Number of protein chains: 2
Amino acid sequence: MTDTTQQRLSLAVSTVVFALRPHLRTGRLTVWLPLVRRIREPYDGLWALPGGPLEDDQDLAASARATLARTTGLAPRYLEQLYAFGDVDRSPGARVVSIVYWTLVRPDEDAQAIDGENVEWFPADDVCGLAFDHDVIVRYALDRLRAKITYSPIAHAFLTDEFTLAQLREVYEAVLGRRLDPANFRRQILAQGTVEPTGRHLTGTSHRPPALYRSNLARPRATLTIEETA
Amino acid sequence: MTDTTQQRLSLAVSTVVFALRPHLRTGRLTVWLPLVRRIREPYDGLWALPGGPLEDDQDLAASARATLARTTGLAPRYLEQLYAFGDVDRSPGARVVSIVYWTLVRPDEDAQAIDGENVEWFPADDVCGLAFDHDVIVRYALDRLRAKITYSPIAHAFLTDEFTLAQLREVYEAVLGRRLDPANFRRQILAQGTVEPTGRHLTGTSHRPPALYRSNLARPRATLTIEETA
DNA sequence: TCAAAAGTGTTGCCGATACACCCATGT
DNA sequence: ACATGGGTGTATCGGCAACACTTTTGA
């Protein structure tokens, strides 16, 4: 908190970006993330998380967004701080503390993503051999995603405004890596009160048209609980 | 991650220290924390979290420990990263990013704490008017403590090696601020498998001598679950 | 008419709560 | 003896997993 000038220490902000895409072989939805190829030492040529130095006039989250816009063209809505990594030896020849964010992008945002020359997407569970300690960071972010989806309605962040409960269930299944019972899933989600029906239905399927829902974070479960107990 | 030199930006590490002490009026156990009086601008004279600039050759957690040892004489065992605070305007006249840790100290550690001239302890729920954004940080740390104690066996970190279940329950009650049913609490804790009986009993009480337990993080619940399902 | 997924109903199990009750010690 | 907290037993309630069953569409 004091004004000591720090010479060799630099502060970077990086982001773990998660999107859902079909797996190349199985076709099943899985978690993917974009990586950036390093074009200088250290770790020249290796893949790394998108990131960059923190600017003087930027908040931490703003820095993460700026880097994402520059490297991948993404402007995601959900963005959350993950952890600060600052081991002395994590970057050869320099002291770099990285404050890492993680983010979820929707299919429409994902579609707008313009992969630059040195940007490529990978299945999140397969990534390894990244620059710096980024293997550990990706692992940590994946754990957080899988933990948080079980107690927080973040799955909506993977979907567009209107969605069916089957689509929402696909998100959970992709993230958790296992099938869920459609009947029980429906009841769980509706009991939370985090979605509300739009009244519209999805047509064109070869079966009964599913109802469309929107996420309802303006009237979360807590409010309902207060009303119920009152 | 690049080597750009950063001039005006400095990185500090601060820590929210939690200990349990009896409340002055009610006598009931509550959460306390030590604060340090600032002796320079900005916020000269106000109370602030213990902290200091990050040294080049120190890991983040090591920096937190060093500051604690210097200001309060504490060497706590439980130490966890809380959050990185880096809003542009959080420190007048300078850009400071603070990586904040939180820690729990045991009564014996607490007893060793030598309060310096400018160090004073306060009930955690009462603190306000701190320097910088430290009010927000303390609030955030308290929320984390109260959330985490419900799903993680961190309460042990408030106790010495041997303790009774009643003492452990007092910790929960102090943190959560409400009474717990002794019978059900006992079953919950034992079902977790995070404590094991030492075989010894606490004597000198005016009632039946309670059994003493130690924390058992070497054989956590997960191991038992695997054995059960095998 | 059939396949396929949407959506509803029902049952059984498990964990948590509430609370009655017995146990062992100091005074 | 009795007060006090330690410790055990048990009934009840609610949530969740499993799964049978009905509904509605396109082909």
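Below, chains carry the letters A, B, ... as their sequence lines are ordered, and counting in each starts from 1. As the structure is a computational prediction, the values presented were derived from the model and not from experiment.
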For nucleotides 19-27 of chain C, just jot down a letter per nucleotide in 5' to 3' order: B, S or -, based on protein non-hydrogen atoms under 4.0 Å. B---BBBS-
Starting from [atom2] on [N], measure out to [atom1] on [X] and report it in whole angstrom.
X       : N       : atom1 : atom2 : answer
R179(B) : dT17(C) : CZ    : C1'   : 17 Å
Y151(A) : dC16(D) : OH    : P     : 17 Å
Y172(A) : dA17(D) : OH    : P     : 13 Å
F185(A) : dG15(D) : CZ    : C1'   : 17 Å
R186(A) : dG9(C)  : CZ    : P     : 11 Å
Q192(A) : dG15(D) : CD    : P     : 13 Å
Q188(A) : dG7(C)  : CD    : P     : 16 Å
L212(B) : dG6(D)  : CG    : P     : 12 Å

Is any side-chain heavy atom of L33(A) closer than 4.5 Å to a side-chain heavy atom of V16(A)?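 Yes, their side chains come closer than 4.5 Å.
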Is a salt bridge present between [X] and [Y], judged by a nitrogen-to-oxygen distance below 4.0 Å?
X       : Y       : answer
D133(A) : R90(A)  : yes
R214(B) : E196(B) : yes
R146(A) : D125(A) : yes

How long is the straight-line distance from NZ of K148(B) back to CG of L104(B), given to the nearest 0.5 Å?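 Answer for the CG-NZ pair, L104(B) versus K148(B), is 9.5 Å.
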Interatomic spacing from CG in L49(A) to CG in L130(A) - rounded to 0.5 Å: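 Taking CG in L49(A) and CG in L130(A), the distance rounds to 6.5 Å.
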Identify, with sequence neighbours excluded, every residue that meets side-chain contact (heavy atoms from CB on, under 4.5 Å) alongside R37(A).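 Applying side-chain contact (heavy atoms from CB on, under 4.5 Å) to R37(A) gives W47(A), N118(A).
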Proximity of Y213(B) and F163(B) rings by center, below 6.0 Å: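 Y213(B) vs F163(B): aromatic centres not under 6.0 Å.
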Within residues 155-169 of chain B, find the residues that approach DNA chain D with a heavy atom at under 4.0 Å, and present them sorted by residue number.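 Result for residues 155-169 of chain B: A166(B), R169(B), sorted by number.
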